[in-house]
Amino acid sequence: MQKIFSLSEIGASDVSHDLVSFDIFDTLVYRRYLEVNEVHDLASAYALSLLGQFGKENPGALTLTRYDFTNFMNAAAHERIADPTLDAVWSRLFTARIGHTEKALTLGRKVAAFEYEIDRQNLYAVEGAAEMLAALKAQGKTVIAISDMYFSQTEIEGILLQTGLAQHIDRVFVSSQENLTKHSGNLFTHVWKQFDIAPAKTLHLGDNTHSDVAMPTSLGGHAIHVAHAPLLRIKRPEYGRRPDIHMEIGDLSKLFLTQLLLCAQSDGSDRLFFLSRDGCLLHKVLEKWNSPLFRNFFTPIHSEDLFLSRAVTCWLNVNFQDKWLLQSIGHAFWLHHGKATPRQISGMLGIDATPAGLDAGKVYHSSTDTFTVLEAYEASDLVEEIRTALLHKRAMAASYLKDAGVLNHQSVHVCDVGYSGTVVRDLNTFFLQEGPQGLGGSIPQVYFHCIASNANYSGNARTALPHVIFQKDVILNDGLLPGELKDSFAWLEMFFKHPLYGPLLGYRKDGDRTVPSYDVAAQEDPHHPCHLILNTIQSDPSDIVLLWMSAVGFWSQFTSPLIERFLNPDESTIEQMLSDVYEVDAVSGKTRSVVLVAPELSDEEIRHRAQREDYWIPGSLVASRLARTRSAFETDTEQKSLVNKLRALANHGAEGKGSKQAERSQDAFDPAFYRRFYRDLSALPNDRALEDHYFTHGKLVGRYGSEAMMKREQATLEQRLPRDFDAGAYFMANPDLPVTQPVSWTAARHYLNIGAAQNRPYHYHFPGLDEAFEALLTTNKISLSDAERKDYQDGVPARILLLRRLGAISAPWFNMLDLQEFSALNFEWCGKPASAPEAILTFLKDGIERIAPLSVSVAFDPDFYRRQYTDAADLSDIDAYRHWLEAGSLMHRAPSEEWALQHMIGQRTYPTAFHWDLFQATDRARFARSTRLDLLDAFLSTAVPPRDDLLGGPGAGDLWTWRAARAQGAGDQHLSTECLREAARVEPHRGVFWHTLGDRLQSQGDLHGALEAYTR
């Protein structure tokens, strides 16, 4: 079978056949943004929204039902259906759900059109396809496109026209149109008959080894397998990593809006409300985006801003039957972040006067003065006036809700940026207290949506019932966000601040309507984050990725890198987030930056202050750390010139004086340490490149520039960790986490910043081994220091305590040490350890420098390790061994070629039948840096028989059986069987190959072929 790895390998002058046909999907066109199953799940979610079941049923389950329906229709007894169209399948599905009605047929056609539009935006021409087709046409060839597909011929022709390929194709044949398939072969014979051409004069190219290769060749035609799948990988936007942070927030808004619109369509609501002021940007994004997908496929829904805020709705949940004044004074303090003057408190309560017993201009604190303030108001004659003012606030709010249209709908969707849902919870309380009569209208079912949630969200969701239902799937939910991004949401909220509107003051009458009352700025800053975000908003084909994410509730590809960026920001991100737009409180209108720069404070002090005063915690830590390290400038309280200062700090910072001089000299950048400690930077060519990396990136994300700095910061980091934390155990207990170096540093940072918030485990149990470690202490074979004994009494396991003495962490190699074999191999220097833990501790103390083997099968080969893993290429024998023990074994790296071969092919010797040097020469660019182990692995993953040029001599058949096993594991039954045939062909004297082939053929129902193989 001829095989090519890209369309560019086809030379038109080399094609002698008169008719050249091509498969279409994954041969001429490919899906750029969504895999085919993801397109299907998106269509299923859309169908569920039309049925009112979005969020209630799993789209994936409906996709499987769709596949079953397709198979059932293919097997129909009354008619032959080779490939049912999308219209037919979806109409049959809707008929099964709602009966055989015109509505079912209409909805079926609507979902089919939606799926086609998604794929139309998703499909692009494969690189080189247009040029290759044009060259064939120029040679006078007849060029045909053939597809087994559920799209109609008209739809396929539309895709080819859109991708610029239609002009080079003479005719298109589609299984759903012809009722014939490539898979069965009858579509090929039909095409050849249509063109009155002999099969021998035809050539077909495609990616499917059965439909595109085996079938046409079995019918007398010629075929080429186009195995260019690695070139057709999904290419989605680099979510979270793009230079402009405003683009990320724009797409976060799109992601949220797609989820909102699917929910609204499913619930049958016809009104969206965006809570002012933060939600106003979401409304503007929706209007500017104006996606054709929503215009053409979603039920039209009216949207508008709704002016509610905690400064208004807090008065709606006052319980006038019990301690209402205490509750109201508490609200006033809360709105001023826990401290306010009596003048401010009275203003919030709706009166002008202040109690005589209080200093009207003095600041009082809720934590210590609440009852003093309460007693002063109660002793005055102001209580009834306050009650009247609060009742007026409630009456005006009810009037506004009615005039805004909230009370005139059966159901409405209300959305906001976040975080607890307090405003809509208060609405529920108000609805329950007032009832329909008190409100002057019917009470709607309110569905609340927000982008991010905090710890109070779930509690408010319960108390918001029955009139308000909180969405379950919050994109940036409390369980997902690390602590430093939940302690303050300033990092997110700053982007949604309104460029003109001040805080909502209440409501006023404008004629016979009640309208919101707020200050409006005289000038609008064109560089306000709101405008920078809106500048990124446009309809783009890649938007289908966001729609898919929201449809299936799988958005970690977007949120994980975004969260990481806000958790470990670089200088560029900080610079873009310095706008002076963040409000100090909910009522004063005063603003500042979300970045606190305080180089005179320690990290812990900055963390506490940023949390207390609502700053972006990680951004403040990085900015202050940068300032503290490079200069001792005096903080600018308004922070107007922070960008310039940060730049100056990064490049031209001056040294401090006095007692910190010695510490700073120890902190001078050490390139040798930086290269040794951060193995991922081993490819940087020289010390200057390392220094550039540190000052432009490394420092900003918390990397250490010297060993002294590392030890100091590591000690601080360890103080925040649980005493029984073990970096190796953390990675072993969480196998989904990528292991990066340095292991202890990355494990600690991940756990503190993300893992703890996600309740990730950090313990890992080694059965039998842990009990043996404990026995070393309980039998007094090893004594503990006072500090260790305290840790042991507090629950720190013996394994962790004893490893910590030697600067080691838990790792998978513990399970590779065979006590009997270890003792026999290393008796001369280690004696005879009585237990595995004793052997491990002895090895860590004295065995690493000896490159001592762990067992007969696990002997470390430093030459192999350096050759195989480029990040270890410059390490000495001992350092390479340490690297494998601490990091490599956690990464599942091989300690030797023999060990790797044993796990790859089941034998410890390299197969001499494989000419790896010739295989490397087949694609020198691709295999330039490959070792012979890499080349063997590549062969076993990609080879298609016959390859007599690469194999020869005893063992060639074994290579093909190993290749067959790989193909079987990948689901390619046809290729697997062909490899077994090749094994028997190249070594026909080995009966095991014929027997294995016979077993395979028998399992496939080919009894004649099996009998023939068994009797050879």
Side-chain angles (χ1 to χ4, degrees), residues 678-680 682-683 726-751 755 760-767 769-770 799 803 808-818 821-822 836 840 843-844 847-848 851-873 875 877-910 929-942 962 965-966 969-970:
Y678 299 108
R679 302 305 308 167
D680 57 317
S682 60
D726 179 285
Y730 183 64
F731 281 120
M732 293 178 73
N734 297 278
D736 60 309
L737 296 180
V739 179
T740 55
Q741 304 171 69
V743 172
S744 296
W745 180 75
T746 53
R749 283 181 64 86
H750 186 279
Y751 177 77
R760 284 185 177 268
Y762 59 86
H763 294 137
Y764 184 86
H765 180 57
F766 291 86
L769 188 66
D770 280 345
R799 166 172 47 85
L803 290 175
I809 61 174
S810 302
W813 65 264
F814 290 2
N815 292 324
M816 300 178 190
L817 187 147
D818 182 287
E821 293 178 3
F822 178 83
I840 289 171
F843 168 79
L844 287 170
I848 299 175
I851 317 296
L854 299 178
S855 67
V856 172
S857 62
V858 186
F860 184 74
D861 180 347
D863 290 331
F864 161 81
Y865 196 72
R866 284 189 291 262
R867 186 172 63 249
Q868 188 68 27
Y869 305 110
T870 56
D871 61 346
L875 296 179
D877 288 2
I878 295 172
D879 285 342
Y881 202 3
R882 291 187 186 280
H883 184 278
W884 180 76
L885 294 166
E886 178 174 308
S889 65
L890 284 166
M891 297 173 177
H892 309 293
R893 289 183 172 182
S896 67
E897 186 179 72
E898 292 79 9
W899 189 92
L901 289 167
Q902 183 68 47
H903 288 75
M904 182 185 295
I905 59 177
Q907 67 180 42
R908 292 177 60 81
T909 57
Y910 197 87
R929 296 180 179 273
S930 299
T931 65
R932 70 175 192 167
L933 188 67
D934 298 328
L935 293 165
L936 176 61
D937 185 62
F939 175 84
L940 295 178
S941 298
T942 64
W962 298 329
R966 289 270 184 107

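Residue numbers run from 1 in the order of the sequence given.
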Practice task
Would you check if the side chain of S941 reaches a backbone N or O of A938 as a donor-acceptor pair within less than 3.5 Å?
Solution key: no
Practice task
Output the distance between atom CZ (R966) and atom CZ (F939), rounded to the nearest 0.5 Å.
Solution key: 11.0 Å
Exercise for the section: For the residue pair L803 and L844, establish whether any side-chain heavy-atom pair is separated by less than 4.5 Å. Expected result: yes
Problem - Test log, rule side-chain contact (heavy atoms from CB on, under 4.5 Å), inputs L769 and I840 - result: CA-CA 10 Å; L769 188 66; I840 289 171; 4.0 Å; yes
Completion exercise
Residue set satisfying ring-ring contact (aromatic ring centres under 6.0 Å, His included) with H892, at least two apart, ordered chain then number -> none
Problem - 4.5 Å side-chain heavy-atom contact, M904 and L940 - result: yes
Problem - Expected output: side-chain N734 to main-chain P761 donor-acceptor under 3.5 Å - result: yes
Exercise for the section: Sort out for me which residue in E897, Q868, R867 forms a side-chain hydrogen bond (donor to acceptor under 3.5 Å, both in side chains) with T931. Expected result: Q868
Practice task
Could you walk me through whether F860 and W813 pass ring pair (Phe, Tyr, Trp, His ring centres under 6.0 Å), step by step?
Solution key: CA-CA 11 Å; F860 184 74; W813 65 264; over 10 Å; no
Completion exercise
Distance col, row M732:CE vs F814:CZ, nearest 0.5 angstrom, shows 8.5 Å
Handout entry: Non-hydrogen side-chain atoms of R893 and Y865 separated by less than 4.5 Å
Key = yes
Problem - Between S810 and R799: side-chain donor-acceptor atoms closer than 3.5 Å - result: yes
Fill in the blank from the handout: Tightest non-hydrogen contact, residues R908 and L901, listed as O-CD1, 3.7 Å
Handout entry: Close side-chain approach of L890 and P812, heavy atoms under 4.5 Å
Key = yes
Completion exercise
S744 and A727 have their tightest heavy-atom pair at CA-CB, 3.6 Å
Handout entry: F864/Y881 aromatic ring centres below 6.0 Å
Key = no
Completion exercise
Across all chains, not counting sequence neighbours, the ring-ring contact (aromatic ring centres under 6.0 Å, His included) partners of F731 are none
Handout entry: Least distance between heavy atoms, V743 atom then A887 atom
Key = CG2-CB, 3.7 Å
Fill in the blank from the handout: Closest heavy-atom pair, D726 versus I809, reported as atoms and distance to 0.1 Å, is OD2-CA, 3.8 Å
Handout entry: Non-hydrogen side-chain atoms of M816 and S855 separated by less than 4.5 Å
Key = no
Handout entry: CA sep, side-chain torsions, deciding dist, call: L885, F843, side-chain contact (heavy atoms from CB on, under 4.5 Å)
Key = CA-CA 11 Å; L885 294 166; F843 168 79; 3.7 Å; yes
Completion exercise
So CD1 of I848 and CZ of R882: to nearest 0.5 Å the spacing works out to 4.5 Å
Handout entry: Aromatic ring proximity H883/Y869, centre distance under 6.0 Å
Key = no
Problem - Donor + acceptor pair across side chains of H763, Y730 (<3.5 Å) - result: no
Fill in the blank from the handout: Sequence neighbours excluded, the answer for ring-ring contact (aromatic ring centres under 6.0 Å, His included) partners of Y764 is F766
Fill in the blank from the handout: Looking only at heavy atoms, the pair that brings R866 and A872 closest together is CG-O, 3.2 Å
Exercise for the section: State, yes or no, whether a side-chain contact exists between D818 and L854 at a heavy-atom distance under 4.5 Å. Expected result: no
Practice task
Answer yes or no: is there a side-chain heavy-atom contact under 4.5 Å between D861 and P895?
Solution key: no
Exercise for the section: For the residue pair R760 and D736, establish whether any side-chain heavy-atom pair is separated by less than 4.5 Å. Expected result: yes
Problem - Distance, nearest 0.5 Å, that separates CG of L737 from NE2 of H750 - result: 4.5 Å
